[in-house]
Undergrad: 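Right, I'll just put the structure down here and ask away after.
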There are 2 protein chains.
Amino acid sequence: MKRKITLKQIARELDVSISTVSKALRNSAEISEDTKQKVQAFAKLYNYKPNNIALSLKNRKTNTIGIIIPEIVHHFFSKVISGVETVANKRGYNVIIGLSNESFSKEVINMEMLANGSIDGFILSISKETLQLQDYHHFNETMSQGMPIVMFDRVVPDINCDKIIVDDFNGAKKAVAKLIKNGCETIAILTTKDYVSVGKLRTQGYLEALQENDITPEANLILKLDDTLDYEVHLDALETEIEQLFKLNPSVDGVFAVNELYALTAMKVARKLGLEIPKDIQVIGFTDGVLSKHATPSLTTVSQHAQQMGEKAAHLLIDKLESENEDEEEVYQTLVIETELIERESTK
Amino acid sequence: MKRKITLKQIARELDVSISTVSKALRNSAEISEDTKQKVQAFAKLYNYKPNNIALSLKNRKTNTIGIIIPEIVHHFFSKVISGVETVANKRGYNVIIGLSNESFSKEVINMEMLANGSIDGFILSISKETLQLQDYHHFNETMSQGMPIVMFDRVVPDINCDKIIVDDFNGAKKAVAKLIKNGCETIAILTTKDYVSVGKLRTQGYLEALQENDITPEANLILKLDDTLDYEVHLDALETEIEQLFKLNPSVDGVFAVNELYALTAMKVARKLGLEIPKDIQVIGFTDGVLSKHATPSLTTVSQHAQQMGEKAAHLLIDKLESENEDEEEVYQTLVIETELIERESTK
DNA sequence: GGATGTCACGAAAACGTTTTCGTGTTAAAA
DNA sequence: TTTTAACACGAAAACGTTTTCGTGACATCC
C-alpha cells in the first residue's frame, strides 16, 4: 500500500533538489549526464509518473473535456461519446461525462460542477427541458468565463458557439423523396412537438419533399407526438395513436418517422392491421441504431453518422483549446454533417 | 472574457488576507460578522466557486471515479454507466470514462492515464483481450498504490478486489428450466467460447437445467460462437451457423441464447425456415436491452439489472473511499445481482 | 592575476486552496 | 496598573509540479 512516489521523495532519496529531479526527468541540458542517468533510473524503478492534478493546477489546463448529454442509454448519444472519446484520447485528453436526464436543473448543476476547474471545455447537447424553458444563461456564463462550448445535434441559434448539426432538413427530404419515388402516394409523418429543433426540421424536410413533388400535405397525416413521455413506458399510448392514424387514413402507403422507435412501432401496428411491409406500406426511420438494423423487416433509415459527429466535435473543441488566440476575436463555425439513406427491407 | 475569480483576487479587492476570505466563506467563528457579510456578499456577486483542481491537490482527493469499459455503444454498459453516474452524482462525485475497445493495451494506457491522480478509484469490466491474455498486472499495480477497484460483470477470481456479478449460472438455469416447463424437448444453446467467463457460466447453467430434468445434453446442440468477430459485421456468418444447427437438428423446439443478438438472429433464421414462434420453437435471450423489447415477436429474456449493477458498484466504491480505514485489513466482497426472467412473446 | 564564461545545481515562486499557529488590539479581571 | 483572555485577523506551510533566476566552482582567456 505504498503511495505513488513524488519528486520530493526522489529528491530526498538521491540527495539532490526537487528542481534537479524535475529537470533530469525532462532531459534538461542543465543537468549532467551522470545525474540524469541516476535520476531516470531511479524514477523508472519506482515507476514515477507526474501527478496530473498538480500539473493541471500549475498549467491551468486539465486536458480533460466535459460532455453533457441528456441520456446515455441511447444509441445516438453513446455513439457520439464513442467518437469524442476516440479523438480525445488520441490527442491526449480525457473525457468526463455528465448526464442531464433531460432536466434543466441537472444540466445546470452538472455544468457548474465541471466548470470549476475540472475541465477545459464542453461538448454538449441541450436537454429537452432547457429547450422548452429557453433559459440559456448557464451556457453564456460558462462561455463568458473563457470556457469554450461545442454543441451538437440539439442546438439553438440564440447561443453563439461552435456547433455540429445533422442536416435534418435534407435528410428528411431525401427520405420522403425516396418514398415518393418508390410509388407512395399518401405519406404520413410521425414526428415530435416543434420545440425539439430536430423534430421541427425533419417535419419541414417532409413538407418540402411533398411540395417539390406537387403533393398537398394533409394535416391529418402529420402526427406530432408528445415525446416528453418516456418512450419505454408509454409504448401503448404510442401504438394507439399510430393505429388511429392508420385507421382514419386507410390510403396511407408510406410512413416517415423521425426516430427508430416511432418507425418500428408503425411497422408493428401496420402488421397488426394486416398490412405487408414493404408491399402495402413502406417505412423509413431516422437514426441508424441497432433497432433499425435488427428489426424484421429491417428498417430503411436516415443515418446521422453519430460517431463522426462526436469526432468532429472533439476536434473542433481541442483545436480551439490549443489555438488560444486570446487576442484574435472569436469566430464560431457550424459544421453540418450530411445524412445518408441506408436502404433495407422496409422499402421497395 | 473575465477568468474565474479566486480567493486571492477577492482578498486584494477587499483588502484582507486570503486566509480571512477563505474562513469567511466557510463561516468560521474566527471571523467577525461584519467581515463575513462583506466577503460573502462580494463572493456571491462575482459568483465565486472554489477551484476543484486546487481542492483536489490540497485534499489529495479528486471526488472523481474512473470507469473503464470495453465499449460504450452497448445497452448493457451504457446502462451500468447510467447507474454509476446517478449514485456518484448524488454523493458528490464525478465520473470519467475510459474505453478499452476490448483491447488490452488500451485498457492499460487508459488506466495509467487516470491513475496518476485524476481519480480516486476505478469501476471496470475487463476487456476480452485481457481475459484471453490473462495478464492482470495493471490491476494489481493500481491497487498496490492504494487505489481501490470495483469490478463488474466480467471478473476473474485471480484478482482480489470488490466485485459485482450477475448470477449468470442461475439466470441461465432458470431460463432453460422455463423452456422445459413450457414443453420444449430439444433445446439448443447459442453461446460464446469459454474464455468469456459469463458465456461459460451461462453454458453451465444450461447444462445443469438439462441434467435436473433428466435430459442428456447433446454436443451438436451446443453452438459456441466466436465473439471476437464484430457482431455487426459478421451477421451473415452468424446466420449461417445457426441455420446449419437448425437444419442438422430439425427437432429443436427451444433455443437459449446468451445474448440478444444471437436470440434475434435465431428467431430470424427460424422464421426463414418456416417455423412459427413460439408455436414451433421458443426462444429466450440474455440481457434486457432495446432489441428484446422491440423485436417482433418480442423476446423473453433474462434481465441483468444493469442499472442496479452500476448503482451498487458506485456505492461499494464510494463507501470504500470514504471509510479509509488504512489500518483495518482489507476485506473484499462480491455482490451477486439476481437475474429476472422477463416473459414476452417468444415463449408460450 | 583578474575578468569572463561555462557548468551543474538549488532556491523560490507560482498555480488556488485550507488550516495551523502566531500576534496585535482591546476589554475584562485582579 | 498589570495580567489575562477573548477577539479578529494574517503569515506560512502544504498539496506536487515546472520554470526562472541566482550562485558557487571551475576553467579559459587576455
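Numbered from 1 within each chain, the chains take letters A, B, ... in sequence-line order.
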Undergrad: Just to confirm, is there a sub-4.0 Å distance from OP1 or OP2 of dT17(D) to any side-chain nitrogen or oxygen of R26(A)?
TA: no
Undergrad: Would the number of heavy atoms belonging to other residues, nucleotides or ligands and lying under 6.0 Å from NZ of K90(A) be above 12?
TA: no
Undergrad: Once you round it to whole Å, what is the distance between P of dC9(C) and NZ of K36(A)?
TA: 10 Å
Undergrad: Between I119(B) and I65(B), does the side-chain contact (heavy atoms from CB on, under 4.5 Å) criterion hold? Intermediate values first, please.
TA: CA-CA 5 Å; I119(B) 62 164; I65(B) 68 194; 5.8 Å; no
Undergrad: Against K106(A), only a single residue in I109(A), V108(A), N110(A) fulfils side-chain contact (heavy atoms from CB on, under 4.5 Å); can you say which?
TA: N110(A)
Undergrad: Whether the side chain of S19(B) and the base of dA11(D) hold a donor-acceptor pair under 3.5 Å is what I'd like checked.
TA: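 By the distance-only test, yes, there is a pair.
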Undergrad: Just how far, in rounded Å, is P of dT17(C) from NZ of K49(B)?
TA: 13 Å
Undergrad: Can you confirm whether more than 12 heavy atoms, excluding those of D158(B), are under 6.0 Å from its CG atom?
TA: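 Atom CG in D158(B) is packed in, count exceeds 12.
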Undergrad: Can you check the N63(B) CG to dT17(C) C1' distance for me, whole Å?
TA: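 Taking CG of N63(B) and C1' of dT17(C), I get 14 Å after rounding.
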Undergrad: Could you check whether S22(A) gets within reach of a base, just the sugar-phosphate, or nothing at all, counting any heavy atom under 4.0 Å?
TA: base
Undergrad: Closer than 4.0 Å, any side-chain N/O of T20(B) to the OP1 or OP2 of dA8(D)?
TA: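 No, outside the criterion.
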Undergrad: Sugar-phosphate means primed atoms, P, OP1 and OP2; the rest is base. With that split, encode nucleotides 23-28 of chain C 5' to 3' as B, S or - using protein heavy atoms under 4.0 Å.
TA: ------
Undergrad: Just the rounded figure in Å: distance from C1' of dT19(C) to CD1 of I31(B).
TA: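 Interatomic distance, CD1 of I31(B) to C1' of dT19(C): 12 Å.
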Undergrad: Pick the closest DNA chain D nucleotide for E30(B) and for I5(A) by heavy atoms, then say which residue is nearer the 5' end.
TA: E30(B)
Undergrad: Assess whether one donor atom and one acceptor atom, taken from the side chain of K8(B) and the base of dT17(C), lie less than 3.5 Å apart.
TA: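 Checked by distance alone, the answer is no.
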Undergrad: Please work out which of the three classes, parallel, tilted or perpendicular, describes the rings of F104(A) and H138(A), given edges at 30° and 60°.
TA: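 Perpendicular.
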Undergrad: Roughly, in whole Å, what's the span from CG in N52(B) to C1' in dT18(C)?
TA: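 Value for this atom pair: 15 Å.
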Undergrad: Tell me: CD1 of I18(B) to C1' of dA14(D), nearest whole Å?
TA: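 It is 14 Å, rounded to the nearest whole Å.
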Undergrad: Using a 4.0 Å heavy-atom cut-off across all strands, classify T35(B) as base, sugar-phosphate, or nothing.
TA: sugar-phosphate
Undergrad: With a 4.0 Å limit, can you tell me whether R60(B) has a side-chain N or O closer than that to the phosphate oxygens OP1/OP2 of dA14(D)?
TA: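 Negative; the distance criterion is not met.
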Undergrad: Is it the case that the base of dA11(C) and the side chain of S17(A) share a donor-acceptor contact (distance under 3.5 Å, atom types as modelled)?
TA: no
Undergrad: Apply side-chain contact (heavy atoms from CB on, under 4.5 Å) to E85(A) and I72(B), showing your working.
TA: CA-CA 10 Å; E85(A) 220 267 349; I72(B) 195 175; over 6 Å; no
Undergrad: Can a side chain N or O of S32(A) be found less than 4.0 Å away from OP1 or OP2 on dC7(C)?
TA: no
Undergrad: How many whole angstroms separate atom CD1 of I53(B) from atom P of dA14(D)?
TA: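 It works out to 22 Å between those atoms.
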Undergrad: Under 3.5 Å, is there an N or O donor on one side and an acceptor on the other linking the side chain of K4(A) and the base of dG16(D)?
TA: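 No pair found.
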Undergrad: Between D34(B) (CG) and dC7(D) (P), how many Å, whole number?
TA: 15 Å
Undergrad: For L55(B), report the nucleic acid contact type (base, sugar-phosphate, nothing); a contact means any heavy atom under 4.0 Å.
TA: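 It contacts sugar-phosphate atoms only.
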Undergrad: How many angstroms lie between OH in Y332(B) and CD1 in I149(B), if you round to the nearest 0.5 Å?
TA: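 Interatomic distance, Y332(B) OH to I149(B) CD1, rounded to 0.5 Å: 9.0 Å.
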Undergrad: Salt bridge between K320(B) and D120(B), side-chain N to carboxylate O under 4.0 Å?
TA: no
Undergrad: Of the candidate nucleotides dT17(D), dT17(C), dG16(C), which contains the atom at the shortest distance from the side chain of L57(A)?
TA: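 The listed nucleotide nearest to L57(A)'s side chain is dG16(C).
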Undergrad: Indicate, yes or no, whether a donor-acceptor pair under 3.5 Å links the base of dG16(C) to the side chain of K58(A).
TA: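 No such pair is found, so the answer is no.
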